[in-house]
Amino acid sequence: MMLPSEKHVKGSLPFVSHALPSTPSRGRAAEQTCLALLQACTSLRHLLQTTAFLLKSGLRSNPLVLTKFAAASSSLDALEVATSLLFSPHASTHLYDAFLFNTVIRSHAQSDRLGDRRLAISYFSAMLRCRLLPNKFTFPFLLRACASLPEPTSVGAQVHACVVKYGYSSDPYVRNTLIHVYSGAPSSLDSARDLFDRMPKTSPVTWCAMIGGYVRSGFSHKAVALFREMQGRGIQPDEITVILVLSACADLGALELVRWLGSYVERENIPKALPLCNALLDALAKCGDVDGAVALFERMHAKSIVSWTSVIDGLALHGRGNEAVRVFEMMKGAGVVPDGVAFISVLTACCHSGMVEEGRRYFDSMKSDFGIEPQIEHYGCMVDLFSRVGMVERALEFVRTMPMEPNPVIWRMLIGACRVHGRLELGERIAKNLLDKDPTHDSTYVVLSNLYALRRQWQKKWETRRAMSERGIRKVPGCSSVELNGEIYEFIAGDESQLKDRGVYEMLEEIGRKTKLAGYVPRH
DNA sequence: ATAGGGTTAG
């Protein structure tokens, strides 16, 4: 039988397994064939067939083939196939090279499974154990894995030490990625900023790493401030900068800046790729211009699940639950399959508009129609839904049937429901329980002491306050922001200093008067 | 043969 040539294999896509020789020859021809087969792999089955060929041809010690094999496995989401071959007891590790490890590390770093990303770091250790030197490509791959761990800083700092040890600490790619890693957690934001400030030469990527870090760590106003600094230095924001700043605006409600960014994109002819349109759409909706968002949505020629979800969420957030549900149904009608995030948005819509039975139906349809296992956030939506309409028993029953341990967010929703609907003893029991589990959370104390105040149990209220201060816990003031004439102001509960002279508090009183006139009865 | 920053989430 003739050995299939590279041309033969490429021309016979999809895979033709009968073209495989039964007794493959060794050497260069086998290598070429295997590489071509790997390139043509489009399914797990192809990959396994190619693995069989690879083993039969004695190619398991060929670094080039192994590297391509790792890359092919990665794109087929079959990392374990690659690593079980690469790192089996029969493998001859002395033939490994840095390129192979880079490929394995990159594949694992890109995976959406947390376990894989942790493995990326293990493979780096394995690389060092094989006495291979990491090169300039290794660290950006490795740091990307660190950035998406739940604890980016601790692992990141260890990798940083290696960066220094192997002499890559002045490489701009590595430095940008380090800023990205450190800026992902509030505890290491200062380290990130320090690296950023000491960058000899910045690129738009450097700015984005820092701005994006502020957004991810929940410091959107700092993200906007840094964006202003960037503009002040005459650096042109690129597409990704705009996306990040829009995301900060969505958080801050900075509608004027959103509109400015929209016109900037038009003026500078920045390509309006889908993620940019989605960011603009979401920011408009979150900042209150839901109709503007819907208009943009209708103009967009390409829409993804993100676009639909942003619209649904925007409508839900502004109390337009019926429209949100209608858009969700339109999305399904358009053949877009909802994911877990889309379900959160439609459940939020039901929640904000009191649609209990609709919410229940959507919750059930997640699993039955789409095979999506509800996460704790979805259970949270349901608890919130029942709680808001006063169905405290039903909320409690729902929590009892949850397959996972309720988180503090859910307990606090229940406490809120108990308080609003007069189930004070029950609320007290839950709050005390929660306090035992997590004695460091500030607002649990406040909520409990307010419950005592409602029942006129002043002694207990005082004791709760004392326990709080004895444990050194202070209430972090609630915070929001307002945009006035293009400036963004922090708006902190109990601190009137910054906005005193700007008519903000007069406006607040005005709003308070109007809501009371409309029939609102304030409760504690 | 291989690099850095990116949109939705009670």
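Within every chain, numbering begins at 1; the chains are lettered A, B, ... in the order of the sequence lines, protein sequences first and strands thereafter.
In summary, the aromatic rings of A:Phe141 and A:Phe124 are positioned with their centroids too far apart to meet the 6.0 Å limit. In this structure, A:Phe343 has its ring center at least 6.0 angstrom away from the ring center of A:His378. Aromatic rings from A:Phe398 and A:Phe363 are positioned such that their centres are separated by under 6.0 Å.
Listed candidates were B:dA1, B:dT2, B:dG10. Nearest to the side chain of A:Thr348 is B:dG10. Nearest to the side chain of A:Ala279, among B:dG5, B:dG4, B:dT7, sits B:dT7. Side-chain atoms of A:Leu244 lie closest to B:dG6 of the nucleotides B:dA9, B:dG4, B:dG6. Listed nucleotides: B:dA1, B:dT7, B:dA9. Nearest to the side chain of A:Leu64: B:dA1. Checking B:dG10, B:dA3, B:dG5 against the side-chain heavy atoms of A:Asp171 singles out B:dA3 as nearest. Between B:dG5, B:dT7, B:dA3, one nucleotide has an atom nearer to the side chain of A:Ile243 than all others, and that is B:dT7. Between B:dG4, B:dT8, B:dA9, one nucleotide has an atom nearer to the side chain of A:Pro140 than all others, and that is B:dG4. Comparing atom distances between the A:Met413 side chain and each of B:dG10, B:dG5, B:dT2 picks out B:dG10 as nearest. For A:Pro275, counting side-chain heavy atoms from C-beta on, the closest listed nucleotide (B:dG6, B:dA3, B:dG5) is B:dG6. Checking B:dA9, B:dA1, B:dG5 against the side-chain heavy atoms of A:Phe99 singles out B:dA1 as nearest.
The shortest non-hydrogen separation linking A:Ala248 to A:Val224 is CB-CG2, 4.0 Å.
A salt bridge is defined here as a Lys NZ or Arg NE, NH1 or NH2 lying under 4.0 Å from an Asp or Glu carboxylate O, and A:Lys68 with A:Glu31 fails to meet this definition. By the 4.0 Å N-to-carboxylate-O rule, A:Arg400 lies close enough to A:Glu397 to be salt-bridged with it. Taking the charged nitrogens against the carboxylate oxygens, A:Glu329 and A:Arg361 have no contact shorter than 4.0 Å, which rules out a salt bridge.
Applying a 4.0 Å cut-off to non-hydrogen atoms, the residues of residues 380-402 of chain A that approach DNA chain B are A:Cys381, listed by residue number. Residues of residues 351-360 of chain A that place a heavy atom closer than 4.0 Å to DNA chain B do not occur.
Using the six-membered ring where Trp is involved, A:Trp207 and A:Phe196 have ring planes that are perpendicular, over 60° apart on the 30 and 60° scheme.
For the pair A:Lys303 and A:Phe297, the cation-pi test (distance below 6.0 Å, angle within 45°) is passed.
Between A:Ser345 and B:dG10, a side-chain N or O to OP1/OP2 separation shorter than 4.0 Å is absent. Distances shorter than 4.0 Å separate none of the side-chain N or O atoms of A:Lys272 from OP1 or OP2 on B:dT7.
Counting to the nearest Å, the C1' atom of B:dG10 and the CE atom of A:Met366 are 14 Å from each other.
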